[in-house]
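Below is one structure; the comments refer to it alone.
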Protein chains: 2
Amino acid sequence: MPRPGPRLRLADVAERAGVSLATASRALAGRDGVSQEVADRIRQISADLGYVANPYARTLAGGTSATVGLVVHQVDDPYFSEIAGGVIQVADEQNLLVQICHSGRDPGHELRQIRHLIAQQVGIIIIAGSGYTDAVFESEARAALAAYIGTGGRVAVIGRHSLGVDAVLPDNEAGGKALGVHLLGLGHRRIAVAAGTAGLTTVADRQAGVLAALAKAGIAAGDVPVVHTDFTRDGGRAAAERILADHPATTAIIALNDAMAIGVLSALRARGIPVPDRMSVVGFDDVSVAADLAPSLTTVRLPMTTMGRTALDLALKPAAARPRRRATGHTLMVRDSTGPAPA
Amino acid sequence: MPRPGPRLRLADVAERAGVSLATASRALAGRDGVSQEVADRIRQISADLGYVANPYARTLAGGTSATVGLVVHQVDDPYFSEIAGGVIQVADEQNLLVQICHSGRDPGHELRQIRHLIAQQVGIIIIAGSGYTDAVFESEARAALAAYIGTGGRVAVIGRHSLGVDAVLPDNEAGGKALGVHLLGLGHRRIAVAAGTAGLTTVADRQAGVLAALAKAGIAAGDVPVVHTDFTRDGGRAAAERILADHPATTAIIALNDAMAIGVLSALRARGIPVPDRMSVVGFDDVSVAADLAPSLTTVRLPMTTMGRTALDLALKPAAARPRRRATGHTLMVRDSTGPAPA
DNA sequence: AGCGCTTGCGAAAGCGCTTACGTAGCCTAG
DNA sequence: CTAGGCTACGTAAGCGCTTTCGCAAGCGCT
């Protein structure tokens, strides 16, 4: 690791301005107790010199960290990279640093990452991605975060309602319901679900929505094949293969996220099964390529970038009554991957 | 910003082990001057207590930062998110923190971000994405980084040969050439280029490769329409529209990255132009969805994740002779978006 | 026995900031 | 004209670590 050489310090700015360190610090922090003209002069000099405060010293002294820790399942998954983009936008505006880490969809690893961020004293923690149905994870994470919040930490989660902290939350169940209703409306009755990683609350919620919609139309949950693989393209492929093999009469596949839907489409193409003529396919999230697939993907749009922005906004605003929720809208995007059920 | 409360400090570990701060620090850093048994005891106690050193204090005292600053053009662009994924993988293994920021493909902003990272004393800086043909940017960035390296900073860049620092570099020109050769082999003669943002070295290099290949086949550069928009899906759409309008006889479009290729395909679909029957399309990068488009995209594969890993590896290894280069392979992935030129 | 050397450890000095706390100078009120 | 209260600023005490320096103990050698 490098040892950065002598750098511009606050003392340099103070000296050049002919004031003490304390005054310079106050002026740059915009704190009062400094006359307008002196403050302006200090700020001017600081800007001229290109002074940037050493964040390590600042944090150590002030006990306040300007970095936000962002935990995502996997940054090279479009769902998460769009969220990260939103977080970074706001962080940029607010002059915060963003430190990013992977949880790899593993509750244990995620817990470790969270604890590590806390131990590191980042000022804000944002956790993106589905929660886990694992009760141990839930309670441990909840305890760790509660303690963190108790000491002044700020936390927001995206896409999970667990952990007892501020949340930006899509209505996964309603979205699932909308997909079910859409397919029912097209006359589909033999509908299968390509479900993501078991143990994710998002999977459970979306699936519940789908099944609720189908139940209302008289299709019992027992008659809906649900194949659990994982929330990736390859998981989608595998699920589609299994559905085709075990339930050949299926006319529509609901993938619980777009990555899986892409895999499903790919499997169908490989088998020469025309979409939507012989099989309708829907996804969930509306990642940016969804509209560019062929056929373009019918899916539920979630405003990922906005969700990232909102989460950081939430965390930045003083939390009066603590577990706040910001619902995010969702929109059914009907495109070309769905059509009337074949006769 | 929060003020984290009282936390486990090194002093607590030291006290519990019955040693001084200095000894505890040495033991945990693996430095010698501590007997094996004492070191083991300290490490054991530290682990039991779940002690994590305060990185701010550590950096301030040691002058050595364990964070890597990653500059990308845009994290929600698959090319960059895959690179970021690679960087994060290695960082995870090495226990480094990754701080990410956007340059927005703007040389001025990128320079500011770089300076900011330097001022913040991050230990390692990795800059991903095309360089700029802008000479002012080049010289200022080069100077800033040289000074940074002079003080012990480590730098690696990905996908650009400029800046005089260690680089992980695909052969963009050869890749461009391969695409040209591939299309020529299919009998195409009226080939247009959908080029990305003017002012990016990557654009210039890939374009040069394409033109070189065509020139060898007797097609003068003047006969190859090159439309500059930008390196995004919408840029690709716009470029395609312009090509179709101004050069209706075109039988193949070379998009200089996959994002643009996706836009080109979308524009062609909107116009009802069949690919590859009436128009062949190629991209560059092989982002993960490229294989899942319909038609699947012929493109030049770059190992983005590996590139991210390699860059951080490079930065971590002591640089003997300074400007090192790691070439990354590229592979022409022939898929369904290209076919014989229509008669 | 005395010398220098190594080894293992503690004391203490910072790293560059923030922020009590103290102290001038000035204003207003009695 | 003085007591009390502001305001504007300086002094100095840390934040939690790393690292230099010094010291004591143990070693082999003459």
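So you know, we letter chains A, B, ... as the sequences are listed, proteins then strands, and number each from 1. We use all heavy atoms of the structure for the numbers below, so side chains are in, but hydrogens, waters and symmetry mates are not.
- Nucleotide D/dC15 holds its C1' atom 8 Å from the CG atom of B/Asn54, rounded to whole Å.
- Within the 4.0 angstrom heavy-atom criterion, base atoms lie near B/Arg26.
- In this entry the distance linking CG of A/Asp32 with C1' of D/dT7 reads 10 Å, nearest Å.
- A straight line from CG of B/Leu21 to P of D/dC15 spans 12 Å, rounded to a whole angstrom.
- A salt bridge is defined here as a Lys NZ or Arg NE, NH1 or NH2 lying under 4.0 Å from an Asp or Glu carboxylate O, and A/Arg309 with A/Glu93 meets this definition.
- Side-chain proximity of B/Ser20 to C/dG10, C/dC17, D/dG16: nearest is C/dG10.
- DNA chain C is contacted by both B/Ala22 and B/Leu60; B/Ala22 maps to the nucleotide lying nearer its 5′ end (nearest heavy atom per residue).
- Under 4.0 angstrom from either OP1 or OP2 of D/dT19 there lies at least one side-chain N or O belonging to B/Arg31.
- Each end of the helix from C/dA1-D/dT30 to C/dG30-D/dC1 gets its own axis, taken as the rotation carrying the C1' atoms of four end pairs onto the next four within a five-pair window, and the two axes meet at 50° to the nearest 10 degrees.
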> Do A/Asp92 and A/Gln94 pass the side-chain hydrogen bond (donor to acceptor under 3.5 Å, both in side chains) test, and can you show the C-alpha distance, the side-chain angles, and the key distance before you say yes or no?
Replying inline: CA-CA 5 Å; A/Asp92 252 24; A/Gln94 305 286 330; over 6 Å; no
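- Regarding contacts with the backbone of D/dC9, every side-chain N or O of A/Thr23 stays at 4.0 angstrom or more from both OP1 and OP2.
- Salt-bridge annotation for A/Asp166 and A/Lys317: absent, with no side-chain N of the basic residue lying under 4.0 Å from a carboxylate O of the acidic one.
- The side chain of A/Tyr56 places no N or O atom within less than 4.0 Å of a non-bridging phosphate oxygen (OP1 or OP2) of D/dT18.
- Distance CG (B/Leu28) to P (D/dG16): 16 Å, rounded to an integer number of Å.
- A heavy-atom distance below 4.0 Å to DNA chain D is reached by none of the residues of residues 33-45 of chain B.
- If you take CG of B/Leu8 and C1' of D/dG16, they are 12 Å apart, rounded to a whole angstrom.
- For the 3.5 Å distance criterion, the side chains of A/Thr201 and A/Tyr132 fail to qualify, holding no donor opposite an acceptor.
- Residue B/Arg58 contributes atom CZ, which lies 5 Å from atom P of D/dT18 at whole-angstrom precision.
- The side-chain contact (heavy atoms from CB on, under 4.5 Å) test with A/Val13 is passed by exactly one of A/Leu49, A/Asp48, A/Leu21: A/Leu49.
- Salt bridge status for B/Arg41 with B/Glu37: absent, with no side-chain N to carboxylate O gap under 4.0 Å.
- Between B/His73 and B/Glu110, some side-chain heavy-atom pair lies under the 4.5 Å cut-off.
- Remark: A/Met304 CE to A/Thr306 OG1 distance equals 10.0 Å, nearest 0.5 Å.
- Ion pairing between B/Arg115 and B/Glu140 holds under the 4.0 Å rule for side-chain N and carboxylate O.
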